K.L.:
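Structure incoming, see below.
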Amino acid sequence: MRKTIGILGGMGPLATCDLFSKIIQITDASCDQEHVRICIDNNTEISDRTNAIIRHGKDPVPEMVKSAVRLQSFGADVLIMPCNTAHYFYDRILPFVDIPFLSMIDETAKVISDRGLRKVGLLATDGTLQTAVYEKAFKKRGISIMVPPPENQVHIMDLIYNGVKAGNKEIDTKPTKKTIEDLFRKGAQTLVLGCTELPVAFDLYGFDYPKTDPTLILASRAVQFVGAKVKKEYL
C-alpha cells in the first residue's frame, strides 16, 4: 500500500492549507483513490518561532514534538513541516520520531543547485534570517544569498504578519515590491520564498516575479517519497 504523509502544521494555518492544497494539485491522479493519504495536525498551540528565536519567547519545540509523535501514531510514514523558521528546531524534533522527516530547506537547496542558479534573493522572517538555516544549506552547494537590508526587511515582516497572518487583503504592497526589485537590481536570479506565508502572499496580492517556492518543492518531494506520481509540469 502507498505510504502516508504527515503534515506538522499550524505554523500558520494558511501555510498548512497551502501545502495540503499543493500536494493535491501536483499529484498525477485520475480519481480519488490515486491521491495521497495525508494526516494533518494543525497545531495552533505551537508558539511563534520568530519570537522564540529573537526575543527568547516560549519554546515551540514541546508542542512540535507532540504533533510529530501524534502524526506517527496516526500512521504517517514521513513527516513534512510547512514553516521555514521552524526548521531551526528541526534537529531537536528528530530524536522523538522513528520515521523520515523531510527538510524543506535542504530540498530547496538541492533544486536551486540542480537549476544551475548561483545567486538568489531570500525573503523570510527575521527569525529565519537570524538562524541562517538557508545560508548554511546553500553555502554547501556554492549558492550565494542576498537578503533585504534592515530598513527593507520591515516591509517583508509587515506583509507576513500584518498581511497574510492577519487576513488583511488591503495592505499597501508598494514597499514590498520596491524591496523585491532592489534584490533583482543587485543580481538575484530568483527569489526564494523562505516563509510559507509568502507563496500565499504572492497569490493574494498578485506579485509577478521570478520565484522559487519551497512549499511546492516540499510537496513534490513528499508525493514522490510515498510512491505517487507528480504531474510533469511540476517536476
Side-chain angles (χ1 to χ4, degrees), residues 1-29 31-46 49 60-114 128 133-134 136-137 140-141 192-197 199-200 212-235:
M1 294 179 63
R2 187 176 295 151
K3 295 179 179 179
T4 299
I5 296 172
I7 298 179
L8 203 169
M11 305 175 284
L14 270 178
T16 303
C17 183
D18 184 46
L19 176 59
F20 175 55
S21 177
K22 282 172 177 167
I23 290 173
I24 304 304
Q25 175 186 344
I26 70 173
T27 301
D28 190 357
C31 63
D32 293 348
Q33 291 72 31
E34 291 181 0
H35 276 281
V36 178
R37 187 170 185 175
I38 302 169
C39 296
I40 302 174
D41 187 3
N42 189 54
N43 186 356
T44 54
E45 293 297 317
I46 299 172
R49 284 65 59 203
V61 171
E63 284 297 331
M64 292 165 74
V65 168
K66 285 181 184 178
S67 284
V69 172
R70 186 178 296 125
L71 288 164
Q72 181 172 324
S73 72
F74 287 167
D77 298 289
V78 61
L79 296 178
I80 54 177
M81 179 168 61
C83 176
N84 291 267
T85 311
H87 280 72
Y88 174 71
F89 306 100
Y90 175 86
D91 290 336
R92 291 177 59 192
I93 304 168
L94 286 179
F96 294 92
V97 292
D98 302 315
I99 55 177
F101 191 171
L102 302 183
S103 165
M104 179 158 53
I105 312 298
D106 290 341
E107 298 300 333
T108 301
K110 291 175 189 175
V111 168
I112 293 286
S113 179
D114 289 345
T128 297
V133 288
Y134 269 104
K136 292 171 185 175
K140 293 176 183 177
R141 296 177 179 273
V192 175
L193 305 185
C195 171
T196 37
E197 266 77 26
V200 178
T212 299
D213 180 355
T215 305
L216 186 60
I217 291 170
L218 184 63
S220 178
R221 181 70 182 91
V223 168
Q224 293 175 78
F225 186 94
V226 297
K229 294 181 179 179
V230 174
K231 294 177 181 175
K232 291 181 180 179
E233 60 264 37
Y234 295 107
L235 291 172

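What you see is a predicted model, and the numbers here were worked out from it, not measured in a lab.
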K.L.:
Could you tell me the separation between the NZ atom of Lys232 and the CG atom of Asp28, rounded to the nearest 0.5 Å?
P.N.:
8.5 Å
K.L.:
Nearest 0.5 Å please: distance from the CG atom of Leu94 over to the OG atom of Ser103.
P.N.:
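OG of Ser103 is found 9.0 Å from CG of Leu94.
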K.L.:
I'd like to know whether CZ of Arg70 has more than 12 heavy-atom contacts from other residues, nucleotides or ligands below 6.0 angstrom.
P.N.:
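Atom CZ in Arg70 is packed in, count exceeds 12.
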K.L.:
For the residue pair Thr128 and Asn84, confirm or rule out a side-chain donor-acceptor distance under 3.5 Å.
P.N.:
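No, no side-chain donor-acceptor pair sits under 3.5 Å.
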K.L.:
Using side chain to side chain contact (heavy atoms under 4.5 Å, CB included), reason through Phe225 and Ile5 one step at a time and then give a plain yes or no.
P.N.:
CA-CA 9 Å; Phe225 186 94; Ile5 296 172; over 6 Å; no
K.L.:
Run Ile23 and Thr27 through side chain to side chain contact (heavy atoms under 4.5 Å, CB included) and show every step you take.
P.N.:
CA-CA 6 Å; Ile23 290 173; Thr27 301; 4.2 Å; yes
K.L.:
Mind checking the CZ-CD1 spacing from Phe101 to Ile93? Nearest 0.5 Å is all I need.
P.N.:
4.5 Å
K.L.:
For a 4.5 angstrom cut-off between non-hydrogen side-chain atoms, does Tyr88 reach Arg49?
P.N.:
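Not touching, per the 4.5 Å side-chain cut-off.
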K.L.:
Are any side-chain N or O atoms of Glu45 and backbone N or O atoms of Glu63, one a donor and one an acceptor, separated by less than 3.5 Å?
P.N.:
no
K.L.:
Only one of Ile80, Leu216, Leu14 passes side-chain contact (heavy atoms from CB on, under 4.5 Å) with Leu19; say which it is.
P.N.:
Ile80
K.L.:
Measure from the side-chain N and O atoms of Asn42 to the backbone N and O of Gly10, and report whether any donor-acceptor pair falls under 3.5 Å.
P.N.:
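Yes; judged by distance alone, with no hydrogens or angles, the pair exists.
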K.L.:
Would a 4.5 Å heavy-atom cut-off, applied to side chains only, mark Pro214 and Val192 as touching?
P.N.:
yes
K.L.:
Holding to side chain to side chain contact (heavy atoms under 4.5 Å, CB included), I want the full list of residues that pass it with Lys3, two or more places apart in sequence or in another chain.
P.N.:
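Applying side chain to side chain contact (heavy atoms under 4.5 Å, CB included) to Lys3 gives Asp77, Val226.
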K.L.:
What are the two closest non-hydrogen atoms of Ala76 and Ile99, and how far apart are they?
P.N.:
O-CD1, 3.4 Å
K.L.:
Between CD1 of Ile105 and NE2 of His87, what distance do you get to the nearest 0.5 Å?
P.N.:
5.5 Å
K.L.:
For the residue pair Val36 and Arg2, what are the closest heavy atoms and their distance?
P.N.:
N-NH1, 4.4 Å
K.L.:
Working to the nearest 0.5 Å, report the span between CZ of Phe96 and NZ of Lys66.
P.N.:
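Atom-to-atom, Phe96:CZ and Lys66:NZ are 12.0 Å apart.
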K.L.:
For Leu71, does its backbone N or O pair with a side-chain atom of Asp41 as donor and acceptor, under 3.5 Å?
P.N.:
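No, Asp41 side chain to Leu71 backbone: no donor-acceptor pair under 3.5 Å.
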K.L.:
Quick check against the 3.5 Å criterion: does Tyr234 have a side-chain atom that pairs as donor or acceptor with the backbone of Lys22?
P.N.:
no
K.L.:
Could you check whether any side-chain N or O of Ser113 sits under 3.5 Å from a backbone N or O of Ala109, counting only pairs where one atom can act as donor and the other as acceptor?
P.N.:
no
K.L.:
Between Asp106 and Lys110 (salt bridge meaning N to carboxylate O under 4.0 Å), is one present in this structure?
P.N.:
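No salt bridge links Asp106 with Lys110.
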K.L.:
Please report the shortest heavy-atom distance between Met104 and Thr215, naming the atom on each side.
P.N.:
SD-N, 3.9 Å
K.L.:
Identify the heavy atoms of Lys229 and Val223 that sit nearest to each other, and give their distance.
P.N.:
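Smallest interatomic distance, heavy atoms only, reads O-CG1, 3.8 Å.
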K.L.:
Nearest heavy-atom pair of Ile38 and Ile40: which atoms, and what distance?
P.N.:
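Looking at all heavy atoms of both residues, the closest pair is CG2-CG1, 3.8 Å.
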K.L.:
Using modelled atom types and a 3.5 Å cut-off, is there a donor and acceptor pairing between side-chain atoms of Glu197 and backbone atoms of Gly12?
P.N.:
yes
K.L.:
So which atom in Asp18 and which in Thr196 form the shortest heavy-atom distance, rounded to 0.1 Å?
P.N.:
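Scanning both residues, the minimum pair turns out to be OD2-O, 4.5 Å.
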K.L.:
Calculate, to the nearest 0.5 Å, the distance between atoms CZ and CD1 belonging to Arg141 and Ile112 respectively.
P.N.:
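Atom-to-atom, Arg141:CZ and Ile112:CD1 are 11.0 Å apart.
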K.L.:
State whether the side chain of Lys231 and the backbone N or O of Gln25 hold a donor-acceptor pair below 3.5 Å, judged by distance alone.
P.N.:
yes
